[in-house]
Structures are given as C-alpha cells and as structure tokens.
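Quick note: numbers below take in every heavy atom, side chains included, and nothing from hydrogens, waters or symmetry partners.
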Amino acid sequence: MISPLQDKEVIFFDVGYTLDAPASGDWMMTGKFLELAGVQMKQRGEEEIREAVEAGLRFLMQNHLVKTVKDEIWQFFRYYSIVSDLLSLGLTEMECKQIAKDRACNMKNYIPYPGITEVLSVLSRTHRLGIISDTWPSIEQQLDHIGVSRYLSFKTFSCYVGVFKPDRRIYQDALEKSGVAAEKTVFIDDSVRNLKGAAELGVLPILIAANPKADVETGYLKIHDLRELIQ
C-alpha cells in the first residue's frame with residue numbers, strides 16, 4: 001500500500017475514468033447513438049459538434065436533481081434531442097428515446113478497468129471506501145455491473161445532491177456520510193479541478209491518469225492505475 005494512505009481512514013473514488021471507461025470512447029456518444037447517428041456525425045465539423053454537445057450539457061447541468069432512472073431517461077432524451085436538432089442529425093423522437101434508454105440501462109456501455117475489484121477488496125480490509133461521482137441514478141446498476149458495490153460503505157452521487165463537482169456540497173455530503181474529518185480521507189479522481197475542490201476542504205487528492213487526457217502536470221500525487229495503490 002502506498003504510504004499516503006496509511007494514516008487515512010476513508011478513501012473516496014470517482015467512477016468514470018477511475019473505475020471504468022466508456023465502451024464507445026465517449027460517455028454520451030454511446031454505441032447506440034453512433035449506430036443511429038454516426039454517419040451524420042462524420043459530416044459535421046468539430047466546432048459545431050462541440051457547440052451542440054455543450055448546449056446539451058448545459059441542459060443537463062441546469063436540471064440535475066434527478067431521483068429515478070425514469071427521470072434520467074427523460075433527461076437523456078432531452079439531451080439527445082438538443083444535439084440532434086442543433087446538428088440536423090434527423091433523429092426521430094423514438095430514436096432519441098432508444099438512445100436515452102440505452103445510455104441509462106445498457107451496462108455494456110461501461111468497461112471496468114483491470115484489477116479494480118482486487119484493489120477495492122484489498123483496500124476495504126484497512127479502510128472504508130466510498131464514491132463521489134457526477135452521475136445519474138443508474139449508477140447503482142453500473143457499480144454492480146463492474147463488481148465493486150460490495151466494497152462500498154457510502155456513496156455521494158451528484159444527481160441526488162443536485163450539483164456537480166467541484167461544488168463543495170458534493171464533498172460535504174460525502175464527509176458527513178463518512179463521519180470522519182476531511183484530513184482522514186482521500187479522494188481519487190481524474191480531474192485536477194475536482195481534486196482541488198476536495199483539497200480545499202482538507203481531503204488528500206490523488207490524480208488518476210488512466211485516461212491519457214488526464215495525464216497532466218500537477219502538484220498532486222499522480223497514479224496511472226489503481227493497482228499502484230496496493231503495490
């Protein structure tokens with residue numbers, strides 16, 4: 001076990017690009033989306049795609065208090081409808097609903113990183129483990145799918161708090177559930193911005209760069225594979 005963990009009691013993990021990755025290479029442009037709109041997407045420019053995706057994400061961010069998978073599917077339906085309209089993809093209402101349901105319910109969209117169950121199993125013997133994730137209600141099924149639910153003592157999901165990281169309310173919710181001081185906790189995430197939010201409350205930040213895009217220069221401790229934690 002790496003030394004920074006030895007005097008800590010709780011380890012919080014992000015999920016995306018920490019415990020798993022999107023099968024399609026993109027969290028929102030899923031296999032079903034590419035099946036129905038991939039040809040049209042290849043005819044669009046990077047800038048117009050970026051603007052359409054940002055418009056869809058603004059809708060999600062402004063309407064993020066989501067309690068049920070049914071409501072999640074409706075939100076994703078709105079997201080894909082916005083993207084389709086702005087890019088003139090020609091997706092029908094039924095197709096947007098199919099993509100939304102697949103995004104929420106098809107666990108084949110998620111690929112667990114190698115060794116994550118081993119890592120969490122080992123760490124759970126010495127620490128209590130939790131999740132802090134920007135996500136939607138179907139995350140529970142996702143955590144079951146990748147085989148880590150049994151090792152988790154508490155979970156903080158943005159959809160139930162109503163805000164995304166690095167809003168301090170996310171970390172406060174997690175700390176309250178853990179019942180320990182921030183200085184006794186660790187947070188592992190692939191975003192320096194999110195880690196900074198946790199560090200401001202006294203949580204020890206560790207950057208995971210399993211995703212090459214997260215491999216940036218930082219003063220935080222950095223790992224590339226969760227298995228480094230138990231070596």
Counting only heavy atoms not in [X], do more than 12 fall under 6.0 Å of its [atom1]?
X: K213; atom1: NZ; result: no
X: M107; atom1: CE; result: yes
X: K196; atom1: NZ; result: no

What is the minimum heavy-atom distance between [X] and [Y], and which atoms define it?
X: A104; Y: S138; answer: O-CB, 3.1 Å
X: P114; Y: D225; answer: O-OD1, 4.4 Å
X: C96; Y: L91; answer: SG-CB, 3.8 Å
X: A214; Y: I208; answer: CB-O, 3.8 Å
X: P166; Y: N194; answer: N-OD1, 3.8 Å
X: S24; Y: L34; answer: CB-CD1, 4.4 Å

Within the side chain of [X], is there an N or O that forms a donor-acceptor pair under 3.5 Å with the backbone of [Y]?
X: R44; Y: S88; result: yes
X: S84; Y: Y80; result: no
X: E9; Y: V180; result: no
X: E48; Y: G45; result: yes
X: R227; Y: I116; result: no
X: R103; Y: W27; result: yes

Discussion item. Pairing donors with acceptors under 3.5 angstrom, does anything connect the side chains of D102 and N109?
Written reply: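 Checked: D102/N109 side chains pair up, N/O donor to acceptor below 3.5 Å.
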
[X]/[Y] aromatic ring centres below 6.0 Å:
X: F59; Y: Y79; answer: no
X: W136; Y: Y160; answer: no
X: Y110; Y: H145; answer: no

Taking the basic N atoms (NZ, or NE/NH1/NH2) and the acidic carboxylate oxygens, is any pair closer than 4.0 Å for [X] and [Y]?
X: D215; Y: K222; answer: yes
X: R50; Y: E46; answer: no
X: D144; Y: R150; answer: no
X: K155; Y: E140; answer: yes
X: D189; Y: K165; answer: yes
X: D173; Y: K177; answer: yes

Practice prompt. In sequence, state the C-alpha distance, the side-chain angles, and the governing distance for Y171 and V203, and then conclude on side-chain contact (heavy atoms from CB on, under 4.5 Å).
Written response: CA-CA 9 Å; Y171 311 108; V203 178; 5.5 Å; no

What I'd like to find out is whether the side chain of [X] reaches to under 4.5 Å of the side chain of [Y], using heavy atoms alone.
X: H64; Y: S158; result: yes
X: M28; Y: L60; result: yes
X: Q172; Y: L201; result: yes
X: H127; Y: V10; result: no
X: F33; Y: F76; result: no
X: L195; Y: D190; result: no
X: V53; Y: M29; result: yes
X: L221; Y: P4; result: yes

Worksheet item: Which word best sums up how the rings of F154 and F12 line up, parallel for under 30°, tilted for 30 to 60°, or perpendicular for over 60°?
Response: tilted

Discussion item. Determine whether I49 and M41 satisfy the following criterion, side-chain contact (heavy atoms from CB on, under 4.5 Å), listing intermediate values before the conclusion.
Written reply: CA-CA 8 Å; I49 291 174; M41 288 290 288; 3.9 Å; yes

Practice prompt. For the pair V192 and L207, evaluate side-chain contact (heavy atoms from CB on, under 4.5 Å) and give the outcome as yes or no after the intermediate values.
Written response: CA-CA 7 Å; V192 170; L207 176 68; 4.2 Å; yes

Measuring from [X]:[atom1] to [Y]:[atom2], what's the distance to the nearest 0.5 Å?
X: H224; Y: N211; atom1: NE2; atom2: CG; answer: 11.0 Å
X: D20; Y: I146; atom1: CG; atom2: CD1; answer: 4.5 Å
X: E35; Y: E95; atom1: CD; atom2: CD; answer: 9.5 Å
X: I131; Y: T156; atom1: CD1; atom2: OG1; answer: 9.5 Å
X: D14; Y: L19; atom1: CG; atom2: CG; answer: 7.5 Å
X: Y151; Y: R125; atom1: OH; atom2: CZ; answer: 8.5 Å

Worksheet entry | Derivation of the side-chain contact (heavy atoms from CB on, under 4.5 Å) call for V148 and F13 | CA-CA 11 Å; V148 301; F13 296 88; over 6 Å; no

Indicate, with yes or no, if [Y] and [X] share a hydrophobic cluster defined by side-chain heavy-atom contacts under 4.5 Å among Ile, Leu, Val, Met, Phe, Trp and Tyr.
X: L5; Y: L175; answer: no
X: F157; Y: F187; answer: no
X: L229; Y: L152; answer: yes
X: V186; Y: Y113; answer: yes
X: V83; Y: W74; answer: yes

Worksheet entry | Reference residue I139; test side chain to side chain contact (heavy atoms under 4.5 Å, CB included); the match among V15, V69, D134 |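 Result for side chain to side chain contact (heavy atoms under 4.5 Å, CB included) with I139: V15.
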
